[in-house]
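Heads up: the structure comes next, in structure tokens.
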Number of protein chains: 2
Amino acid sequence: MPQKAVTDDLTGLLHGVGLRVTAQRLAVLLALETRRHADADEIFEAVRPTLPGTSVQAVYGVLGALHTAGLVRRIEPAGSTARYERRIDDNHHHLVCERCNRVEDVDCVVGAAPCLTPSNTSGFEIHSAEITFWGLCSECQHFRG
Amino acid sequence: MPQKAVTDDLTGLLHGVGLRVTAQRLAVLLALETRRHADADEIFEAVRPTLPGTSVQAVYGVLGALHTAGLVRRIEPAGSTARYERRIDDNHHHLVCERCNRVEDVDCVVGAAPCLTPSNTSGFEIHSAEITFWGLCSECQHFRG
DNA sequence: CTGTTGTTTTTGAATTATTCAAAACAATGC
DNA sequence: GCATTGTTTTGAATAATTCAAAAACAACAG
């Protein structure tokens with residue numbers, strides 16, 4: 001897909017949720033296209049070359065707006081900074097490395113449906129269930145001892 | 001149970017994992033007996049009356065040692081500070097309020113076992129699965145709008 | 001009980017992700 | 001184009017947590 005078409009898509013995405021289309025927002029969305037589980041700083045660095053003058057605060061602002069609008073999902077595994085991703089429609093989960101904080105997607109979980117039903121809800125109105133698997137990534141398995 | 005007996009239990013707990021027994025560690029463990037999902041500051045405030053002169057850094061140090069030793073579990077729901085709990089042997093999960101960050105336990109999950117098996121592990125060696133249910137607590141359900 | 005050793009706590013400061021606020025600026029509707 | 005309203009910049013603040021050095025202390029041997 002040519003660059004123009006991608007940008008048009010992203011423009012439509014923003015219009016769709018009633019957000020103004022700005023260069024910063026397009027750049028952040030574009031950066032998220034090719035990055036999975038990027039944090040604010042990674043996105044800031046990705047945006048900087050094509051859009052110098054962008055501030056970190058603007059990136060936080062854009063990510064906040066996109067998140068509120070439901071265009072990005074935000075995860076914050078213990079020990080990591082907040083990470084953002086565009087995959088939102090599927091109910092996928094995450095593997096997090098306890099040593100290096102690397103994050104990978106888990107497309108689905110065997111027998112997932114029951115997991116979304118806690119036994120006692122303590123009066124909570126439940127909106128979503130988040131599953132995080134903790135362990136060691138392939139790299140870090142060698143470093144044990 | 002008399003106070004002395006509780007303290008003896010906690011002393012044994014520390015000995016059991018090869019940690020030195022200090023007044024601060026006993027105080028933190030004792031504070032955790034009656035509090036669920038307490039954060040460092042809550043524990044600090046709970047410890048202060050009986051053990052004045054204790055520093056917040058000491059509380060962080062104690063909690064770190066207890067966590068490393070496997071005596072306490074540490075959760076860090078997005079948007080909250082780190083919280084600590086003594087329930088570690090059962091595989092229970094959490095409900096977190098999206099508005100006030102209140103945390104409640106979920107004793108178990110219907111059909112829990114399958115949840116511990118992700119479909120693709122991406123080469124990870126998995127140690128544990130953490131399930132967080134997001135929603136609104138009974139209090140905060142009234143504040144919508 | 002006492003001295004020694006290694007660990008823990010205190011004291012004081014640093015770090016870092018994130019947020020806040022006011023002013024400059026830009027997108028959209030007319 | 002122009003006004004309106006939302007967004008970004010600029011600059012500073014916040015707050016949880018960690019780091020480091022020195023003092024205090026628990027555990028153990030004698």
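In what follows, chains carry the letters A, B, and so on, assigned in the order in which the sequence lines appear, proteins first and then strands, with residues in each chain numbered from 1.
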task = Figure out the CD/P separation between A:Glu45 and C:dA17, and round it to whole Å.
result = 12 Å
query = When the distance from CG of A:Leu66 to P of D:dG6 is rounded to whole Å, what number comes out?
reply = 17 Å
request  = Take atom CD of B:Glu76 and atom C1' of D:dA16, then tell me their distance rounded to the nearest Å.
outcome  = 10 Å
B:Glu33 atom CD, over 12 foreign heavy atoms within 6.0 Å = yes
request  = Name the residue closer to the 5' end of DNA chain C, choosing between B:Val59 and A:Asp39 according to the nucleotide with the nearest heavy atom.
outcome  = B:Val59
inquiry  = Ignoring hydrogens, what is the shortest heavy-atom contact between B:Leu136 and B:Gln141? Give both atom names and the distance.
reply    = O-NE2, 3.2 Å
request  = Would you indicate, yes or no, if C:dT19 has its OP1 or OP2 atom less than 4.0 angstrom from a side-chain nitrogen or oxygen of A:Tyr60?
outcome  = no
message = Let's see if you can work this out: which of D:dT8, C:dT10, D:dT17 has an atom nearest to the side-chain heavy atoms of B:Ala82?
response = D:dT17
key: Distance in angstrom units between A:Asp41 CG and C:dT18 C1', rounded   = 12 Å
inquiry  = By the 4.0 Å heavy-atom rule, please label B:Val56 as base, sugar-phosphate, or nothing.
reply    = nothing
task = Please report, rounded to the nearest Å, how far the C1' atom of C:dA17 is from the CG atom of A:Asn101.
result = 14 Å
The single option from A:Thr50, A:Leu13, A:Thr11 passing side-chain contact (heavy atoms from CB on, under 4.5 Å) against A:Leu26 = A:Thr11
task = Flag yes if A:Phe133 and B:Ile75 sit in one hydrophobic cluster, no otherwise; membership is Ile, Leu, Val, Met, Phe, Trp, Tyr, and two members link when side-chain heavy atoms are under 4.5 Å apart.
result = no
task = Using a heavy-atom cut-off of under 4.0 Å over every strand shown, decide if B:Ser55 touches base, sugar-phosphate, or nothing.
result = base
message = Strictly below 4.0 Å: does B:Gln24 bring a side-chain N or O up to OP1 or OP2 of C:dT9?
response = yes
For nucleotides 27-30 of chain D, which of its nitrogen or oxygen atoms have a protein nitrogen or oxygen under 3.5 Å away, and what is each distance?
from, atom 1, to, atom 2, distance (Å)
D:dA27, OP1, B:Val21, N, 3.0

Length of the CD-C1' vector between A:Glu42 and C:dT18, whole Å = 17 Å
query = For the residue pair B:Ala82 and B:Asp39, what are the closest heavy atoms and their distance?
reply = O-CB, 3.2 Å
A:Gln57 CD to D:dG11 C1', straight-line distance once rounded to whole Å = 8 Å
query = Mapping B:Ser80 and A:Ala58 onto DNA chain D by nearest heavy atom, which one lands closer to the 5' end?
reply = A:Ala58
key: Gap between atoms CG and P, on A:Leu10 and C:dA27 respectively (whole Å)   = 16 Å
inquiry  = To check you understand the geometry: which heavy-atom pair defines the closest contact between B:Cys137 and B:Cys97, and what is its length?
reply    = N-SG, 3.4 Å
ask   = Does atom CD of B:Glu45 have more than 12 heavy-atom neighbours, drawn from other residues, nucleotides or ligands, at distances under 6.0 Å?
value = yes
